[in-house]
Visitor: 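The structure follows.
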Amino acid sequence: MEYPSGLRSLSLFFLVGAASSSVLFPRDPVPSGYAAAPYYPTPYGGWADDWSESYEKAVNLVSQMTLAEKVNITAGTGLYMGRCVGNTGSVPRLGFPELCLQDGPLGVRTTDNITAFPAGISTGATFNKELIYERGAAIGAEFRGKGANFYLGPSVGALGRKPRGGRNWEGFGSDPVLQAKAGSETIRGVQDQGVIATLKHLIGNEQELYRMYQLGVQQAYSSNIDDRTLHELYLWPFAEGVHSGVGSIMASYNAINGSAASQNSYILNGLLKDELGFQGLVMTDWLAQISGVASALAGLDLSMPGDTVGNNIPLVGYSNWMYELTRSVLNGSVPVDRLNDMTTRVVAAWYQLGQDKDYPPPNFSSNTADREGPLYPGALFSPSGVVNEYVNVQADHKVVAKQVAQEAITLLKNNGSFLPLSTSSPLFVFGTDAQADPQGINSCTDKSCNRGLLGMGWGSGSANYPYLDDPISSLKRKVTNVTYYATDSFPTVPAPSSNDVAIVFVSSDAGENSYTVENNHGDRDANGLTLWHGGDALIQKAAAKYSNVVVVIHTVGPVTMESWINLASVKAVLVAHLPGQEAGDSLTEVLYGEASPSGHLPYSIPVSESDYPASVSLVATPTLSQIQDTYSEGLYIDYRHLNKEGTKPRFAFGHGLSYADFSFTNASIAAVTTLSAVPPARPAKPASPVAALNATIPAAAEAYWPASFDRIWRFLYPWLPSNEADAAYAVGSTGSATYPYPDGYTSVQKSGGPPAGGPSGGNPALWDVAYTVSATVTNGAAARLGGKAVAQAYVQFPSDINFDTPVIQLRDFAKTGEALAPGASATLELSLSRKDLSVWDTVSQNWVVPAPGGRYSVWVGSASDDTPVVCYTDTLECEVGVTGPV
Ligand code: NOJ
């Protein structure tokens, strides 16, 4: 049996490291105005109330660890050196286990007996917070059941700035608030099962091409993001995730403002650990670490999977940390208190999620499907044993998976209420996307092909299907008279009768840069926003032949539709996003009216790709110097841009029709907290228990290789030969270290903290509820069917302020718990926090309410361009039946 995902992509990693070089290329200067200012030292964790018990226990455990033991849990033991995609070292003497880190956002990757949930983009399209939580809880239960300590998700970066971006589908949509709320419900769901969630990728990972440092070959691109845009768009979902208690954060591959994400002190020490008061641990993305000491000083806590990809070829047993971190601590380059802090953060996260009690060890292998095999497949010689126990963790999670797949389905067009269909109409189905991959549902590693139904994108964000309910099988179960043409070229068909219905299945795929699929290098660089496999022509030809055409699109993001959307015979269009294993009945039930569609677009669908700002195109010029990707559009991505320009999209952000007939009435707004321009002062920062740990350089003997140790070649260890440990100690103990510390470096902890800062997400006052808005939604008595209704609340800032703000910005959303029968009503509640009504003031470095008593208009409706309700914060009045601002 071969290694399904891991070792086949080994070539990538060899390629990455093949050009051995000892120096980095000097990096290009970033454009003026974009800076990653030095920010040192790393603030200790352990001062936030909700983590204090875990830190107390962690400090107690870490205080008993030797130098080598501490170091051993701050890095992985090497790629393919354990069952999981990442495996830390352990401290068996004190009962601290190896920790298993596993992809990915939609389910446990590369294993069996799991659920392949709908992707993040489907989840965002449900606009259903409670359901998003349920999906997270089910995912968490499966990670726990498989013995994975870390869930490498959710992904909120990529945020979706670039419509062609390869990994947007792993996240929840092109809006920071949608990402934030969906991300945080997912985190709560996962972590309620005791699994450590890992919010990723911090930050600016908006493109796959040229994302990685390939030392000696190429530098990762630099995402150049100004301070305000960083706070108001890209950092926003991370702040919300930290506020929800996320245990871990993964740094991205790329650079931000010229400095690599895994060693960017401004992002990690400054924004994340000081301003957002993050108490958990920061890990690298896989093989993203490009330095030893610099990354430690900049706030990195865990190197994954442990190997270096810098000066040496990976997979031969070299690391930037492990034995090198030991050396750097002994010789005084990395202060002991930094090591204490990183170790404590790892241990505290473990306690915080209760993993010290009855947490199962891994019972699966992401390297092989065989029951037995090498325990360390990346080693030259490895002991063997049982690596797969085939534990079934599915429980009844298919129910929530199907619910998400169904509630995501977004009805864009339904001329003459053509849908739902009647089972008496003969059905003619076109497109290979309607059927499971004929070569096998898991025939392409990590879904690195677009063959058959597109249920997820490709790369580390994919999972194996345990089974696939494909649409064509489901339709055949429902309707007797079905003819399926499993082709993407329009076939010769008999002359249709007027009652015939054609359903055309089409797709658009994307994924991670580790694979190229039909010339798309992760991003949709080859296909752009055009349907794959000639989808446009298939629809056009079907529309020329049949007078009743329904289009079903499985897609990672927006696709352009101009060549067919207005054809008279294209009666209905559904975006089914990326449904995972439950693609069939979830759709059929919507097509036949057993459930109303209730999904809403988590991005805009433009008329033309050129409607977006040029700056969000892929940066595509490979160069030896650093590619600069400058976010010159600032806050204006997706609907924020289209609205500013007055460009009408084909379908607006938030759009989604129903079979029900919803209207909003009885809107009201209540002031909850009176706002001041500047938030109340942040709470004082208490002392951290980490400060009590011994910070003097330990004896060199703590780093010596244990006597007669049976070493596995290529496994990464924290020990040094005694002569090397002694030599390092000699330097450290005499204070003669010559490490070239970066500008602005200090090891002295700052007292206090930034004014916007505070525990777990920033100044707690930012989350004070300022206003609540409620509205009644009613399904008209004459409606044909029931359905779930969504209310979206968009804020329009007062017009006379000194800040340029987007016309409207999503700030909250709610969905009815049940489908509303014809004539039924429900009240939906929305809330606006202080932060929702603030802008990031780059001068005072704080969130300010630009007009505390001024007129904010809160637009409520079912889409960003359909907001029939407005409430005003100054008069506390609402109007219903109005036309919105876009
Ligand atoms: C790289 C991806 O960017 C990241 O999302 C994933 O978790 C790691 N590889 C591990 O597979």
Side-chain angles (χ1 to χ4, degrees), residues 3-10 12-13 16 75-76 78-88 99-111 119-120 139 143 148-159 165-171 183 186 190 195-214 220-221 223 246 248-254 260-262 281-289 302-307 309 314 365-367 378 445-448 456-464 510-515 521-523:
Y3 297 105
S5 81
L7 294 188
R8 261 194 249 162
S9 51
L10 205 73
L12 163 85
F13 296 115
V16 162
L79 199 60
Y80 313 123
M81 298 305 267
R83 292 185 181 200
C84 306
V85 80
N87 309 276
T88 65
L99 301 179
C100 160
L101 294 86
Q102 189 65 16
D103 291 308
L106 62 69
V108 191
R109 180 183 171 203
T110 35
T111 188
I139 289 176
F143 274 74
N149 302 83
F150 287 77
Y151 160 66
L152 299 178
S155 173
V156 295
L159 180 88
R167 301 187 71 184
N168 299 347
W169 61 274
E170 293 185 41
T186 305
V190 166
V195 178
I196 304 171
T198 305
L199 198 57
K200 66 187 187 183
H201 309 83
L202 187 74
I203 201 167
N205 191 169
E206 299 292 327
Q207 165 170 324
E208 284 297 282
L209 273 165
Y210 315 116
R211 64 179 177 162
M212 276 182 98
Y213 282 83
Q214 302 186 358
Y221 61 79
S223 292
V246 73
S248 154
I249 290 203
M250 187 189 292
S252 53
Y253 282 122
N254 53 280
S262 59
L281 65 104
V282 179
M283 68 176 76
T284 59
D285 200 338
W286 266 234
L287 299 171
Q289 194 186 27
L302 182 62
S303 167
M304 274 293 142
D307 316 64
V309 70
S365 167
S366 62
N367 305 310
T445 307
D446 288 333
K447 300 286 171 289
S448 57
M456 57 185 81
W458 74 79
S460 61
S462 66
N464 289 342
E512 194 176 352
N513 185 232
S514 33
Y515 303 93
H521 297 81
D523 308 307

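Read the numbers this way: they start at 1 and go in the same order the structure lists the ligands and their atoms.
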Visitor: Would you mind running through ligand 1 and noting each atom that sits below 4.0 Å from a heavy atom of K200?
Guide: 4 (C), 5 (O), 6 (C), 7 (O)

Visitor: Tell me which part of R211 gets within contact of ligand 1: side chain, backbone, both or neither, using heavy atoms under 4.0 Å.
Guide: side chain

Visitor: Report yes or no: does E512 have a heavy atom closer than 4.0 Å to ligand 1?
Guide: yes

Visitor: Looking only at heavy atoms, is any part of M304 under 4.0 Å from ligand 1, and if so is it the side chain, the backbone, or both, or is it neither?
Guide: neither

Visitor: Can you tell me which residue and heavy atom of the protein come closest to atom 7 (O) of ligand 1, and the distance to 0.1 Å?
Guide: D103 OD1, 2.6 Å

Visitor: Do S448 and D446 have side-chain N/O donor and acceptor atoms under 3.5 Å apart?
Guide: no

Visitor: With a cut-off of 4.0 Å, which atoms of ligand 1 are near a heavy atom of V85?
Guide: 11 (O)

Visitor: At what distance is the nearest protein heavy atom to atom 4 (C) of ligand 1, and which residue and atom is it?
Guide: D285 OD1, 3.3 Å

Visitor: Is the shortest N/O to N/O distance between W286 and ligand 1 below 3.5 Å?
Guide: no

Visitor: Heavy atoms only: give me the nearest E208-N513 pair and the separation to one decimal.
Guide: OE1-N, 2.9 Å

Visitor: Identify, by atom number and element, the atoms of ligand 1 in contact range of R167, meaning under 4.0 Å from any of its heavy atoms.
Guide: 2 (C), 3 (O), 4 (C), 5 (O)

Visitor: Is there a donor-acceptor contact under 3.5 Å from the side chain of S155 to the main chain of G171?
Guide: no

Visitor: Would you kindly say whether Q289 and T284 are connected by a side-chain donor-acceptor distance under 3.5 Å?
Guide: no

Visitor: Side chains of Y80 and N367: do they bring a donor and an acceptor to under 3.5 Å?
Guide: no

Visitor: Looking at V85 and S366, what are the two nearest heavy atoms and their distance?
Guide: N-OG, 3.6 Å

Visitor: Pick from S460, P305, S514: which one makes a side chain to side chain contact (heavy atoms under 4.5 Å, CB included) with W286?
Guide: P305

Visitor: Using a strict 4.0 Å cut-off to heavy atoms of R109, name the atoms of ligand 1 that fall inside it.
Guide: 11 (O)

Visitor: Below 4.0 angstrom, N of the basic side chain to O of the carboxylate: do R211 and D523 qualify?
Guide: no

Visitor: Students should be able to answer this: which protein heavy-atom is nearest to atom 5 (O) of ligand 1, and at what distance?
Guide: H201 NE2, 2.7 Å

